[in-house]
Amino acid sequence: MHEYIDLETQVGKWLEEIFGQDEVPEFELNAQIIQQLYQMVLISRKKDKKIQLVIDDLNLKINEYNAEAHRLSEVLCRLGLGQNHLLKSCANNVMMLAKLGNLLNVKDSSDTCFYLALQHLDNELEKVIQQRKIEAKHLEQLSAKSYGAVLKYSSLKKALEDVQEKAEKEHQTNEERKNNTTFLHGKSEKYEKEINKLQRQLSKTLADESVFHEKLVEKSEVLKSLQAKLSPLQAELQSYQSLPPDLTETKIRIEQLRKELATLEKDLLESLDVHCL
């Protein structure tokens, strides 16, 4: 229990250091969360120690550089090469060289370090140029794809407009057909009712079915058939009448044809009587 309280105290102090003036958010306090936060405290302290070591090392180097700069300044002043003894142009060149060294992040002011730094800068410049070429090529490809996409979009837009226009026309046509269908359906129902009404009226009149249109058409067809059969028989009979009267077989045959002709004429007269009725 004492160990848990000690961990909770350390975690609380660490959180206060992290949030500073801000209020520490509320959270659930239990052994697992405190243990996890304590592990974070240990990791944070290790990192803080490392950072402090780096800071101390940099401060030490700053002091060393300042001491070296002061020593060199005294030596140059003794040699009459101090900053006050140099020409303005020379001082400007020295300052420019110093700024260039800082910019190139050289180790020292030797020619070799400057040459190596400039060579590294040239290499980086070459990489940038190559990268720009690659990017330009990639941009060209993207431009070509974009142009193709724009053309395709225009084509699809035109096709969509055509389809919409066609759909609108078809919609109008379908509406007209629908209206016509409704109209014809109404007419059909009306005619059907009228037919049923007329059929009922016809049934009440007790009319003979033989005078109906369908029956008359059937009898007309029969009449035409009989007339078609009668014509060749009449022609054949006419040919037999020109035969010599003294031939017995010819007379018998003619008599048979006359009987058939009489039968057909009788049927024809019956059909005509039916039509007249």
Side-chain angles (χ1 to χ4, degrees), residues 1-139 142:
M1 184 67 181
H2 178 71
E3 182 180 359
Y4 173 77
I5 295 175
D6 184 52
L7 293 178
E8 183 179 354
T9 303
Q10 294 185 38
V11 168
K13 291 181 179 180
W14 176 72
L15 290 174
E16 291 177 355
E17 293 175 358
I18 294 296
F19 287 94
Q21 299 296 331
D22 298 332
E23 185 179 356
V24 178
E26 296 182 0
F27 60 92
E28 182 181 357
L29 289 176
N30 55 51
Q32 183 179 3
I33 293 177
I34 293 298
Q35 187 64 34
Q36 292 177 354
L37 290 174
Y38 181 71
Q39 295 297 324
M40 295 176 64
V41 171
L42 296 178
I43 294 173
S44 177
R45 287 178 178 175
K46 288 181 181 179
K47 289 184 178 180
D48 291 342
K49 288 181 180 179
K50 291 180 181 179
I51 293 173
Q52 188 61 42
L53 290 175
V54 173
I55 293 173
D56 294 339
D57 181 64
L58 292 176
N59 289 329
L60 180 61
K61 287 182 179 180
I62 289 172
N63 294 329
E64 291 176 354
Y65 289 152
N66 289 332
E68 182 66 16
H70 182 70
R71 186 184 68 80
L72 292 175
S73 179
E74 289 181 350
V75 171
L76 291 174
C77 287
R78 291 173 185 174
L79 296 174
L81 298 176
Q83 184 176 0
N84 296 329
H85 297 84
L86 296 175
L87 296 176
K88 185 177 181 179
S89 60
C90 184
N92 292 335
N93 291 334
V94 172
M95 290 299 296
M96 186 179 297
L97 187 62
K99 290 180 180 179
L100 180 61
N102 290 329
L103 184 62
L104 296 176
N105 195 22
V106 295
K107 184 178 180 181
D108 52 45
S109 59
S110 62
D111 294 341
T112 303
C113 289
F114 275 98
Y115 288 146
L116 290 175
L118 290 173
Q119 183 62 41
H120 177 72
L121 189 62
D122 288 338
N123 294 336
E124 292 296 326
L125 179 60
E126 184 66 23
K127 290 181 181 179
V128 171
I129 293 174
Q130 294 297 328
Q131 186 66 28
R132 287 188 63 182
K133 289 181 180 179
I134 295 173
E135 293 295 333
K137 185 177 180 180
H138 184 59
L139 179 61
L142 289 177

Gap between atom CH2 of W14 and atom CZ of R45 - 0.5 Å precision
10.0 Å
When rounded to the nearest 0.5 angstrom, what is the spacing between NE2 in H120 and CG in N123?
7.5 Å
Could you tabulate the donor-acceptor pairs under 3.5 Å formed by side-chain atoms of residues 50-64, not counting sequence neighbours?
| residue | atom | partner | partner atom | Å |
| --- | --- | --- | --- | --- |
| Q52 | NE2 | D56 | OD1 | 3.0 |
| N59 | ND2 | I55 | O | 3.2 |
| N63 | ND2 | N59 | O | 3.2 |

I'd like a table of donor-acceptor pairs (distance under 3.5 Å, sequence neighbours excluded) in which one partner is a side-chain atom from residues 125-135, with atom names and distances.
| residue | atom | partner | partner atom | Å |
| --- | --- | --- | --- | --- |
| E126 | OE2 | Q130 | NE2 | 3.1 |
| Q131 | NE2 | E135 | OE2 | 3.1 |

The side chain to side chain contact (heavy atoms under 4.5 Å, CB included) partners of L42 (sequence neighbours excluded) come to Y38, Q39
